[in-house]
Every structure is written in structure tokens, then in C-alpha cells.
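Report on one structure; see the data block that follows.
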There are 2 protein chains.
Amino acid sequence: MSSIWQEEIAAETRAGGRISDRFIVDKVRKAVLTQRLPPGTRLPEVALGDIFGVSRSVVRKALTRLAADYVVTQQPNQVARVRAPSIEETRETFAARRLVEGEVAALLAGRLDETQLATIASLVEREAEAHACGDEPARIEHSLAIHHLMAEHSPNRVLGAMLTDLILRTSIVIALYKRAGLASCYLTEDHPALLAHLRTGDSEAARRCIHDHLQALENLLDLSSRETRIDLMAILGQREGVTE
Amino acid sequence: MSSIWQEEIAAETRAGGRISDRFIVDKVRKAVLTQRLPPGTRLPEVALGDIFGVSRSVVRKALTRLAADYVVTQQPNQVARVRAPSIEETRETFAARRLVEGEVAALLAGRLDETQLATIASLVEREAEAHACGDEPARIEHSLAIHHLMAEHSPNRVLGAMLTDLILRTSIVIALYKRAGLASCYLTEDHPALLAHLRTGDSEAARRCIHDHLQALENLLDLSSRETRIDLMAILGQREGVTE
DNA sequence: GGCGAGATCTTTGTATACAGAAACCCTGTT
DNA sequence: AACAGGGTTTCTGTATACAAAGATCTCGCC
């Protein structure tokens, strides 16, 4: 019935800011991340326009950018849909992120100042607390913040931007392929260990730490290819759009 | 006075194909690569629309996608311009490409079939011939084809797509920062050596080969930061658009 | 001669209209 | 009951109109 973004749109317009394509990109991205927009969801331009109170022009630009970020697929003359990365692509995305984030971690080791290290330390701690409280959304948020911080502070900005993209993409597939029974993808020791290596400046240890961390994360997923868990037909067959 | 794309547009329309945003993206990309559109060139939407015979809607989508590819910059309420990557970004782009293409080469080593190897061998040979003939544009084309072929056949498609992007970006900065006196960026032994490693399947040798090749390429550029060769003011100050 | 204020022009941002493609539904037939 | 066909609906592709932001130019002043 009602849209997912009621309050945020109201807040934005109340604050005097007019809705731009960037706003829509952010909101859709976040909704995909949190699985409020599951893969295959139809994103018709007019519906989105009505929801956000803008015309198709703005929505169109937003969808084009989301397609460039691999969040949605856009085929000619067809409605845009939330992308459903395959198992194969999931493995490849993880491999790419291991390579890139490993390098960023190595570059970053020993080059962060005390303030930055303190920020990370605080995030690591808050992630552990959230996990202890069973507040999984908060835990995910803090975990993402740690990785995003690395991407943002990467001495190599090009690699940093690439890492930002890969973090988004891996988050999507984690949400998608999380093993059914698993409550959380928390790995107790990984982030503290990473922080230690970043502090001491051991580049190769930091790289290995990130590598193993991401490998462990991937191993937590249900990527058994025998029964394609993402049944494309089932997903793409239904009519659900952005309103329910 | 007249546009750079006269013939190609005529050919496309004659062939019955209507001009799409993809067509424009390709043409602008190529023009930037070959420096027919130097950095800083203004790309007004109406002018492009007139040239390609389409309305601003199509041009707009093309520009958005070019911006996502880092080929042009789009600032709110300002005309889109061909991007002029800084020296710093150039170094970072090369570093990123070394990382990614090195990995792709390592993955690819020993996994190409005879047909694919033969294709590469032919390209390597033709590149050498073109260089001998002094036909630099042809030489560049064949060299690019070799690297693109690696990107396309990458077992990891995600890394392959990233590599495709990085090849474009490095090509742009090579054109930008090529040392003034240098006729060609040809390195006689690198591509044959790479081919040999791909054939024998020595992953680490292939990785090192790519790494050294790209490092040598970067060293051929004039990245002396003391006098910023790309004088932003000089470039952005002038009025030249896409027509002359 | 240099500099600033205002008018003018250029260019983008957004909405909207219309045409065409795709999806859907309903009906009639086998 | 399954299926093919045609009409309807939905949705995208493209062009265009208008408003607002930015750039430029001119003129008057110091």
C-alpha cells in the first residue's frame, strides 16, 4: 500500500531540500542493501516518480546511475529491476574485493594517524557491543563503516573508489545468499586483528588479514550451486513493484 | 566549423540504425582517447544533440554514463567537460591497473586455448609491424586490442569489467601526459614476453610481466609535478565546444 | 585603465506530451 | 484443460517547453 520511504521524503522536503537523483540513488541503494527491495523487484519509472514526488526525468537519471553501479538492470523497453547477481558473480565479486581491499589495507597500514585509528577502534568496539545485544542492523552498520572508512582514506583514491563499489556489491550478495539459519555474519576476531595490523604498520599482515576475513565471510554464504537458490523465474515472474 | 563525426553519423543513419545514447558514448569515448576532444573541452547538450541529430534527452543519458566512466565531469548547472585527470590520479590509475591486470594475467595464464593464443600472437605481430611502419594509430589499436582481449576473457568477469574501465582511463592519461618528444610508447619485448608466459602458464611470471610493462609505460610519461603540465585555468578558461 | 553592477544570453534542470514496444488479459478454439 | 490470437493496458524512448542558474558582455564609475 504505502511506500517504504514516506518519512525520509517528508523529512527531506521539510528540510527545504528538493529531491534530486542523488537522493533517489541513495534511498534505493540502501533499500536494496537491507533487502527491503529484494532482487527482481520491478522499479517502474512513474511509480518511483510518484513516490518521490518528481517526474520521470529525475528517476531516469537515478536509474541510469544505479545501473552503472550494478544495483539494477536496465534492458531496452523493459522495466528496471533490482539485480540478482548469480552465484558465479558472487564468487567473482568476493575475489575482486579480496584483491582490492587487501591492497588498500596494505597501503593503509602504518599510515593512519591516531584520530583515524581511534575512530576505527570505536567502531570495532561498537560492532562487538551491537552483536552482544543482538542488534544485527546496528552491527552491520558499524562493520560497513569500518570498511568504508578504509576505502575513503585509501592513499590511492582510484582504488578507494573501486573498493567503495565492491563493498556495496558484496553487501548486496551477502544479504542475498546468507545461509538461511544464520543470524549474523559476525567474525569475532577479524576486525580487532585488522586494527592491530593497521596500527603496527605490518602491510602484509593487514593484507592477509583482510584476505582471510573476506574468505571467511564468503564461506559463511550458501553458494551451493546445485540448486540455484535464486530462482530467476520465480523472482522475475511476479508483479510486485515498489509499492505493495 | 563542422563536426568530427559527420561520416560516422551518416553511415549509422544510412544503415538504418537510429542514434542511441550508446552510439554517442562510444564516439565521445573514442574521440577523447584519440585526443580529438582534448581535456577541458566543453560538451554542451544542445550542441551534441544537433551534431548527432537527437534531442537533449539522449545526450543527457550519454553524458551521465560518460561521467560514470570518468570520461567527462558533470557539475550541477554547468556544462559537461572532458575530464583532465591530475598527475596524482594518473599515478593512482596506473597503480590500480597494475594490481588488477596483474591478477587477470595470473588467472589467465595457462587457461587460454590455442585459438585465443593465436589471436594474441597475431595482434602482437601486427603491433610490431605497425610500429616498424611508423603507423602509430594502428600500433595503439593493436596494443589496446591485446589488453582488451585479456579483460574480455578474464575468468573473473568482475575483474574483467574493472580492467576494461582501467584500460580506458590509462589510455586517456597516456594521451594526455605523453612526453612531448616521444613518438611512440612502444616497448619491444613486453607483449611477446607476456604471450609466452600466458602460453606456458606461469602465473607469477605473467603477473610480473604485466606489472613491469605498466610500470615502464608509466615511466615513459611526463609526470613531473613541479610544473603542472595540465594548466586547468588555461584549459577551462577557453570557450571551445565540440564544434570548431 | 581597472573594476563592479546590471542586462543579456547561454545552458542546464525538470516536467510533460506523444509514439511505440512489451506485457497482460480475455476470449475462442481445439 | 491447454493454447493461440487480438485488443487493452502499462511502461519506456524521445522530443519539447518553460524556469532557473550560470556565464558573458556592456556600461558607468573610480
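Per chain, numbering begins at 1; letters A, B, ... match sequence-line order. What you see below is based on every heavy atom in this structure, not just the backbone, and it leaves out hydrogens, waters and symmetry mates.
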Side chain of Val79(A) (C-beta onward), nearest among dC11(D), dT16(C), dT11(C): dC11(D)
Look at the side chain of Arg56(B) and decide which nucleotide, out of dA15(C), dT12(D), dA17(D), has an atom nearest to it. dA17(D)
Separation of dA17(C) P from Glu45(A) CD (nearest whole Å): 16 Å
When the distance from CG of Leu63(A) to C1' of dT12(D) is rounded to whole Å, what number comes out? 11 Å
I need the Leu37(A) CG to Arg42(A) CZ distance, nearest 0.5 Å. 13.5 Å
Heavy-atom closest pair (Asn219(A) atom, Arg179(A) atom, distance to 0.1 Å) is O-NH1, 3.9 Å
Out of dA23(D), dT12(D), dT11(C), whichever nucleotide has its closest atom nearest the side chain of Asn77(A): dT12(D)
Phosphate oxygens OP1/OP2 of dT14(C): is one of them under 4.0 Å from a side-chain N or O of Ser57(A)? no
Separation of dA22(C) P from Gln78(A) CD (nearest whole Å): 8 Å
Rounded to the Å, how far apart are Arg81(B) CZ and dA23(D) C1'? 11 Å
Distance, rounded to the nearest Å, where Asp50(B) contributes CG and dT11(C) contributes P: 11 Å
Reference residue Leu66(A); test side chain to side chain contact (heavy atoms under 4.5 Å, CB included); the match among Val82(A), Asp21(A), Thr73(A), Val25(A): Val25(A)
List the steps, then state whether salt bridge (charged side-chain N to carboxylate O under 4.0 Å, His left out) holds for Lys178(A) with Asp222(A). CA-CA 6 Å; Lys178(A) 189 160 66 176; Asp222(A) 181 11; over 6 Å; no
Separation of Gln74(A) atom CD from dC11(D) atom P, in whole Å? 15 Å
Whole Å only: how far is the CD atom of Gln75(A) from the C1' atom of dC11(D)? 15 Å
Take the protein atom CD1 of Ile19(B) and the nucleotide atom C1' of dA15(D), then report the distance between them rounded to whole Å. 16 Å
